[in-house]
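These notes are about the structure you will find just below.
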Amino acid sequence: MQRIRLRYTKRGRLRFTSHRDFQRAFERALRRAEVPMAYSAGFTPHPKVSYANAAPTGTGSEAEYLEIALTEARDPGPLRRLLDESLPPGLDIVDAVEARTSGLADRLTASVWELRLTGVDPADAERAAAAFVSAPAVEVQRRTKNGVRTFDARSAVVSMETRSAPADGPGDRPCAILRLVVRHVTPAVRPDDVLSGLRAVADLAPPVPAAVTRLAQGLFDEETGAVTDPLAPDREAAATAPQPADAPAAATAPA
């Protein structure tokens, strides 16, 4: 059995697809691409696909991850292209590696989020971000299936930066952009929780819903404050693995 790890995106209108919608689309793509999938046992076998920390419905993402199990070995590069061609534009398979290490989910400890706040003056966003970051705790509420839950949204936010979006025309409304690094904690702190916190500490309320995109997710580096590529250990393991003398050279991993 071979395991392949994939990075995929949710762009444009496809950000409104739910995780279940993507699962159905991806299983159809597996059949179209004739991928030799391994299946679970039992009365209702399912293809062995493991999803890791999917983004909430309505948010875009450049860094979603999953792992598939195959019954026959395949080159990750051509497999990625076949699957990408079998999915609708916006759900794009952008990277693929053979799984040579364990614990992909354990390497997803933080995310980088971008929040586009149309109609918000960048100076107001900067003041609100400063108030949020300087607060020892920011309590927010979220409705769950078990009722309303109150939790601290501040402790999970490692950093928060603001900048202004360039205007496309003289009549464009102001637009502030927030970039967050958020740890994956329990309960999970989502971008809308951070927006609730900004409203609580600084009365910042965008006039239109924020456009939210996950730019990266991976292992948080405590020294640099960066979120690292979770597929890098697999690429490094493949590069250092010994190959038989008559084996062809390994294909270059896609960027």
Side-chain angles (χ1 to χ4, degrees), residues 7-23 51-66 90-91 104-120 125 128-163 175-220 225-228 230:
R7 177 166 70 93
Y8 67 95
T9 70
K10 290 172 62 180
R11 295 168 173 162
R13 294 174 60 185
L14 272 298
R15 70 185 185 274
F16 294 108
T17 57
S18 69
H19 181 55
R20 183 58 188 147
D21 291 334
F22 175 79
Q23 286 180 305
Y51 299 91
N53 196 41
T57 302
T59 63
S61 180
E62 295 294 315
E64 301 297 290
Y65 294 92
L66 60 83
L91 298 178
L104 173 63
D106 295 336
R107 295 201 290 268
L108 303 180
T109 62
S111 288
V112 181
W113 294 97
E114 183 178 272
L115 283 63
R116 188 179 181 91
L117 310 179
T118 301
V120 173
F132 184 96
V133 170
S134 62
V138 179
E139 289 193 344
V140 299
Q141 292 184 332
R142 183 196 302 160
R143 185 173 297 280
T144 68
K145 61 182 180 181
N146 296 321
V148 176
R149 182 171 189 174
T150 302
F151 58 95
D152 177 23
R154 171 64 188 90
S155 59
V157 178
V158 178
S159 63
M160 179 182 295
E161 300 175 353
T162 63
R163 63 183 178 89
C175 181
I177 293 178
L178 292 180
R179 182 165 293 193
L180 321 171
V181 177
V182 182
R183 294 182 188 271
H184 299 168
V185 296
T186 303
V189 174
R190 304 183 306 205
D192 56 334
D193 299 320
V194 176
L195 289 172
S196 296
L198 291 170
R199 186 181 304 112
V201 300
D203 198 28
L204 183 72
V208 297
V212 180
T213 303
R214 172 149 56 192
L215 302 180
Q217 67 169 322
L219 190 65
F220 180 71
V227 176
T228 61

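Side-chain atoms of R163 and R179, non-hydrogen and from C-beta on, do get closer than 4.5 Å to each other. Using a 4.5 Å cut-off on side-chain heavy atoms (C-beta onward), T59 and R190 make no contact.
Around CZ of R20, the count of heavy atoms belonging to other residues, nucleotides or ligands within 6.0 Å exceeds 12.
With respect to R11 and E62, a salt bridge is recorded, a charged nitrogen being found less than 4.0 Å from a carboxylate O. Using a cutoff of 4.0 Å between basic side-chain nitrogens and carboxylate oxygens, R154 and D152 are not scored as salt-bridged.
With hydrogens and angles ignored, the 3.5 Å screen pairs a side-chain donor or acceptor of R107 with a backbone N or O of P230. Checking side-chain atoms of E139 against main-chain N and O of T150 turns up no donor-acceptor pair under 3.5 Å. Side-chain atoms of Q217 come within 3.5 Å of backbone N or O of A63 as a donor-acceptor pair. The closest donor-acceptor contact from the side chain of T213 to the backbone of G60 lies at 3.5 Å or more, if one exists at all. Remark: the backbone N or O of F22 is not paired with any side-chain donor or acceptor of T17 at under 3.5 angstrom. Side-chain atoms of T144 come within 3.5 Å of backbone atoms of N146 as a donor-acceptor pair (strictly under, hydrogens ignored).
For the side-chain contact (heavy atoms from CB on, under 4.5 Å) test with V212, the passing option among P56, P191, S61 is P191; the others fail.
Among residues two or more places apart in sequence or in another chain, the side-chain contact (heavy atoms from CB on, under 4.5 Å) test is passed with T57 by S18.
The shortest heavy-atom contact between V194 and F132 is O-CE1, 4.2 Å.
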